[in-house]
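These notes are about the structure you will find just below.
FYI, the numbering just counts along the sequence from 1. These numbers come from a predicted model, not from an experiment.
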Amino acid sequence: MTVRVGVIGAGWIGKEHIRRLTHTITGARVTAVTDIDTARAEDAAAPVGARMLPDGAAVIAADDVDAVLVTSWGPTHAEHVLTAIAAGKPVFCEKPLATTAEDCLRIVEAETAHGRRLVQVGFMRRYDAGYRQMKQVIDSGRIGEPLIVHCAHRNPTVPESYTSDMAALDTAVHEVDVLRWLLDDEIVSTQVVTPRATSKRFAHLKDPQIMLFETAKGVRIDLEVFVNCQYGYDIQCEAVGEEGLVRLPDPAAVGVRTAGQHSTEVLTDWVGRFADAFNTEFREWIAGIAAGNEPTGPSAWDGYAATVITSATVEALESGHAVATDLKPRPAFYGGAA
């Protein structure tokens, strides 16, 4: 079966996923594209033989669309995901699922009422080989019960449009999701500490930030978000357990010895660092749809949790105090207590 995909949003990430579905993933074909900028939609649709449609509702309703990919502006996500659920079509939504907890819960309630999982949220780190190896080690009990997790998320630079709240909402959100998954535990409180600011930042930006999370089981997590580190794109994660630790490997790179130095390359952007994870994410999503299975990746509930936790982290940054996340109880539909 070839899964026919309709794409809502033809910006950079939308075009990248269209390329991936067309040239990298087997079993998928992009058949419809829409964007608020019609020229951009046509530019994305024409090379892959897809139709350009006027809006998201038209894409979702199209007879030649089996599944929907939402890569539009964040505040529009909830509308498109809810429409896809009402149409009974699988929908992959890049993060955020929605920009407010209330809209996330509307999606959770709609999917629960539908009675079958349709929604997957684009947290690609769960598909990275290194994180998956960490998950296997933690789940096996080899390092005992996790006690502490140390993380870092470093970017070489960010544009002037990047604001202090984006450190949580756009950057740390990936750690929030992958850590909940790695630990099979929920984040119950968040706090932000701001050390001496780098002179390399724009004046309005608080950078770096240290985010401190506590989980329901008492695990303590520290996350350094440093988006003007200058030297490269660097993702670090180390889980310390009662009997050992497990560390995320750096991307494979050759060692070079020359002029009295031994060096390895550091990647400079997230595209190169997680390209394989994106490919695996879409390969598994398409294969699941073709087999008639429900999605197994990050759920609407995971999208809700990420929005609540990152919003609480912004509140913690602005207030200077620890903030409880106050997540609703997880429904049984998503694996919570009955």
Side-chain angles (χ1 to χ4, degrees), residues 12-13 16-17 19-21 23-26 28 69 71 92-97 120-140 142-143 146 149-156 167-168 170-185 187 211 213 215 219 221-227 229 231-241 245-254 264-288 295-299 302-303 305-306 309-310:
W12 185 89
I13 192 67
E16 180 66 11
H17 289 335
R19 180 201 62 76
R20 180 170 285 109
L21 290 166
H23 300 295
T24 304
I25 306 302
T26 59
L69 172 60
T71 51
F92 184 108
C93 181
E94 274 296 353
K95 61 89 179 168
L97 174 64
Q120 180 162 323
V121 184
F123 290 120
M124 78 296 189
R125 292 212 190 165
R126 298 190 189 197
Y127 298 87
D128 176 74
Y131 277 114
R132 286 188 161 187
Q133 290 167 11
M134 287 187 71
K135 175 71 168 168
Q136 290 171 357
V137 169
I138 292 170
D139 287 352
S140 74
R142 286 176 60 192
I143 65 169
V149 183
H150 307 292
C151 300
H153 188 143
R154 305 184 183 114
N155 292 61
D170 288 74
T171 301
V173 64
H174 288 288
E175 273 79 15
V176 165
D177 178 75
V178 83
L179 290 168
R180 294 177 57 253
W181 172 73
L182 276 177
L183 300 171
D184 192 22
D185 198 358
I187 293 171
M211 301 175 185
F213 303 110
T215 75
V219 178
I221 300 163
D222 57 83
L223 166 59
E224 169 204 323
V225 175
F226 186 11
V227 295
C229 79
Y231 71 85
Y233 181 76
D234 191 9
I235 302 299
Q236 300 292 326
C237 184
E238 179 182 270
V240 181
L245 63 83
V246 59
R247 180 180 295 131
L248 184 72
D250 287 328
V254 297
T264 56
E265 181 184 8
V266 177
L267 295 174
T268 57
D269 60 43
W270 57 270
V271 179
R273 173 62 180 84
F274 290 111
D276 289 343
F278 277 116
N279 292 341
T280 302
E281 173 185 48
F282 276 91
R283 188 176 295 113
E284 293 187 8
W285 181 60
I286 291 296
T296 58
S299 67
D302 294 317
I309 294 165
T310 54

Using a 3.5 Å distance criterion without hydrogens, assess whether the side chain of Ser140 forms a donor-acceptor pair with backbone atoms of Val137.
yes

Paired with Ile235, the side chain to side chain contact (heavy atoms under 4.5 Å, CB included) test is passed by just one of Leu248, Asp128, Val178, namely Leu248

Is there a side-chain contact between Leu182 and Cys237, using heavy atoms and a 4.5 Å cut-off?
yes

Val271: which residues meet the side-chain contact (heavy atoms from CB on, under 4.5 Å) condition with it, sequence neighbours left out?
Trp12, Asp269

Could I get the full list of side-chain contact (heavy atoms from CB on, under 4.5 Å) partners for Gln136, not counting sequence neighbours?
none

May I ask you to test the Gln236-His150 pair for a side-chain heavy-atom distance under 4.5 Å?
no

Would you indicate whether the side-chain heavy atoms of Trp181 and Arg125 approach each other to under 4.5 Å?
no

Indicate yes or no: at least one non-hydrogen side-chain atom of Tyr233 is less than 4.5 angstrom from one of Asn155.
yes

Is there side-chain contact between Arg180 and Ile309, with at least one heavy-atom pair below 4.5 Å?
yes

Could you give the distance from CG (Asp222) to CD (Glu238), rounded to the nearest 0.5 Å?
9.5 Å

Using the side chain to side chain contact (heavy atoms under 4.5 Å, CB included) rule, take Lys95 and Asp170 through it: C-alpha gap first, then chi angles, then the decisive distance, then the call.
CA-CA 9 Å; Lys95 61 89 179 168; Asp170 288 74; 3.9 Å; yes

Value rounded to 0.5 Å, distance of CG in Leu97 from CZ in Phe123:
8.0 Å

Between CE of Met211 and CD1 of Ile187, what distance do you get to the nearest 0.5 Å?
11.0 Å

Which value, rounded to the nearest 0.5 Å, describes the distance between Leu223 atom CG and His174 atom NE2?
12.0 Å

Ile138 pairs by side chain to side chain contact (heavy atoms under 4.5 Å, CB included) with which of Ile143, Val149, Asp184?
Ile143

To the nearest 0.5 Å, atom SG of Cys151 lies from atom CG of Leu179 at 4.5 Å

Minimal non-hydrogen separation, Thr310 against Ala168, with atom names:
CG2-O, 3.4 Å

Please evaluate residues Arg132 and Glu284 with respect to the criterion salt bridge (charged side-chain N to carboxylate O under 4.0 Å, His left out), reporting the C-alpha separation (whole Å), side-chain torsions for both, the decisive distance (0.1 Å), and the verdict.
CA-CA 14 Å; Arg132 286 188 161 187; Glu284 293 187 8; 3.0 Å; yes

Should the pair Phe274 and Tyr131 be assigned to parallel (<30°), tilted (30 to 60°) or perpendicular (>60°) ring geometry?
parallel

Where do Ile25 and Trp285 land on the side chain to side chain contact (heavy atoms under 4.5 Å, CB included) test, with the steps shown first?
CA-CA 10 Å; Ile25 306 302; Trp285 181 60; over 6 Å; no

To check you understand the geometry: which heavy-atom pair defines the closest contact between Pro146 and Val219, and what is its length?
O-CG2, 3.4 Å

Do Met124 and Thr280 make a side-chain contact, defined as non-hydrogen atoms from C-beta onward lying under 4.5 Å apart?
no

Reported CD1-to-CD distance for the pair Ile286 and Glu281, which is rounded to 0.5 angstrom
11.0 Å

Nearest heavy atoms of Ala152 and Glu175, plus distance in Å:
O-OE2, 4.1 Å

Can you tell me if Asp139 has over 12 outside heavy atoms packed within less than 6.0 Å of its CG?
yes

Is any side-chain heavy atom of Glu94 less than 4.5 Å from a side-chain heavy atom of His17?
yes

How close do Arg154 and Cys229 get, heavy atom to heavy atom, and via which atoms?
CB-SG, 3.8 Å

Near Glu265 CD, under 6.0 Å, is it more than 12 heavy atoms from other residues, nucleotides or ligands?
no

Tell me the closest heavy-atom pair linking Arg20 and Ala275, and the distance in Å.
NH2-O, 4.3 Å

Given side chains that start at C-beta, do those of Thr71 and Phe92 come closer than 4.5 Å, heavy atoms only?
no

Step by step, would you call Arg283 with Tyr127 a side chain to side chain donor-acceptor pair (under 3.5 Å)?
CA-CA 10 Å; Arg283 188 176 295 113; Tyr127 298 87; over 6 Å; no

Could you walk me through whether Val246 and Arg142 pass the side chain to side chain contact (heavy atoms under 4.5 Å, CB included) test, one step at a time?
CA-CA 9 Å; Val246 59; Arg142 286 176 60 192; over 6 Å; no

Among all residues two or more places apart in sequence or in another chain, which pass the salt bridge (Lys or Arg N to Asp or Glu O under 4.0 Å) test with Arg126?
Asp177, Asp302

